[in-house]
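Written below as structure tokens is the structure these notes are about.
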Amino acid sequence: MKYQDLSLKDTWNKFLGEEFTKTYMKELFSFLDDEVRKGKEIYPPIKDTLKAFEETPFENVKIVIIGQDPYHGEGQAHGLSFSVPDGIKLPPSLRNIYKEINEDLGCSLGDSGNLTHWAKQGVLLLNTVLTVEKSKAASHQKKGWEVFTDRVVKVLNESSEGLVFILWGGHARKKGKNIDREKHLVLEGHHPSPLSAYRGFFGCQHFSKANQYLKESGKEPITYERNNS
């Protein structure tokens, strides 16, 4: 499989399929396919590059959590921001997210960092940049992914009602600066990284606030535990 073979499905494709025909995306996919031909290891696996959209169809989106780049350690990235596959040690930021959920909602999430069950309930786990070279953080920034994910946020903002956008850290806040706060709930705070979590991420109560907003909007709240996964 090549990056140029990637495509979106259903309503995501209706809103964003045209992006895949544009010059910036063709150049991005050409760059990525060239990197693979050179023997460079790219994360996540090609088949998981658009996993966030596959696990959370457009119509199902309730919450959008915006991350930056995929994890660049071996076996960590699988296409969902902050998430790692079963059997992979919890990264520090995700460990802090779990701590905050435990304090906020009183639920214990265990040792697995696989957040697919969140995605299936309507949490779009969107990274700003969707690929990275092994062991090289931010290596694929400014290659075109930001243009695409800006478009994702724009489409969600304009074509949906009553979403919750969770923006942790300056990078995510910048990404969400044009969201209509009359139509959607925007929750901003410090990043859950160990470098900033104690400056205001802990105690933000974003998870309970998001669920309360969903309930008030007549939507099912998110169950963060893996009870039915």
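Atom set for the values below is all heavy atoms of this structure, side chains included, hydrogens, waters and symmetry mates excluded.
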Please check if the side chain of [X] supplies one atom and the backbone of [Y] the other of a donor-acceptor pair under 3.5 Å.
X: Asn96; Y: Pro192; answer: yes
X: Gln121; Y: His117; answer: yes
X: Ser135; Y: Gly73; answer: no
X: Ser93; Y: Pro194; answer: no
X: Glu100; Y: Gly203; answer: yes

Can you list every side-chain hydrogen bond (donor to acceptor under 3.5 Å, both in side chains) pair that touches [range], not counting sequence neighbours?
range: residues 64-73; result: Asp69-Gln141
range: residues 200-212; result: Asp104-Ser208, Trp168-His206, Gln212-Glu216
range: residues 185-194; result: Arg181-Glu188

Worksheet item: With sequence neighbours left out, which residue pairs that include part of residues 194-207 fulfil the salt bridge (Lys or Arg N to Asp or Glu O under 4.0 Å) condition?
Response: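 Of all non-adjacent pairs touching residues 194-207, none passes salt bridge (Lys or Arg N to Asp or Glu O under 4.0 Å).
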Item to complete: Among residues two or more places apart or on two chains, list those pairs meeting salt bridge (Lys or Arg N to Asp or Glu O under 4.0 Å) that have a residue in residues 17-26.
Response: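 Qualifying pairs, neighbours excluded: Glu19-Lys22, Glu19-Arg151.
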With a 4.5 Å heavy-atom cut-off, do [X] and [Y] have their side chains touching?
X: Pro91; Y: Val84; answer: yes
X: Asp150; Y: Lys154; answer: no
X: Thr49; Y: Trp145; answer: yes
X: Asn127; Y: Phe82; answer: no
X: Cys107; Y: Ile101; answer: yes
X: Glu225; Y: Leu109; answer: yes
X: Lys62; Y: Glu220; answer: yes
X: Ser159; Y: Phe58; answer: yes

Sequence-distant partners of [X], side-chain contact (heavy atoms from CB on, under 4.5 Å), two or more places apart:
X: Glu133; value: Glu35, Lys40, Ile42, Lys136, Ser139, His140
X: Asp86; value: Ser112, Asn114, Arg226
X: Pro45; value: Lys47, Asp48
X: Lys9; value: none

Check [X] against [Y] and note the closest heavy-atom contact, atom names and distance.
X: Met1; Y: Ile46; answer: O-CD1, 3.2 Å
X: Leu130; Y: Leu50; answer: CD1-CD2, 4.0 Å
X: Lys175; Y: Val153; answer: O-CG1, 4.1 Å
X: Lys143; Y: Phe31; answer: CE-CZ, 3.8 Å
X: Asp180; Y: Asn157; answer: N-OD1, 2.8 Å

Practice prompt. Could you work out the complete set of other residues in the hydrophobic cluster of Leu195, with links drawn between I, L, V, M, F, W and Y side chains under 4.5 Å apart?
Written response: none
Fill in: Results of side-chain hydrogen bond (donor to acceptor under 3.5 Å, both in side chains) for Trp12 - residues two or more places apart only
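Testing Trp12 for side-chain hydrogen bond (donor to acceptor under 3.5 Å, both in side chains), a comparison that skips the adjacent residues, returns none.
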Item to complete: Apply side-chain hydrogen bond (donor to acceptor under 3.5 Å, both in side chains) to Glu59 and list each qualifying residue two or more places apart in sequence or on a separate chain.
Response: Thr11
Discussion item. Using ring centroids (six-membered ring only for Trp), state whether Phe148 and Phe20 fall under 6.0 Å.
Written reply: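 Ring centroids of Phe20 and Phe148 are less than 6.0 Å from each other.
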Practice prompt. If the plane angle is over 60° it's perpendicular, under 30° parallel, otherwise tilted; pick one for Trp118 and Tyr98.
Written response: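 The rings of Trp118 and Tyr98 sit tilted, inter-plane angle from 30° to 60°.
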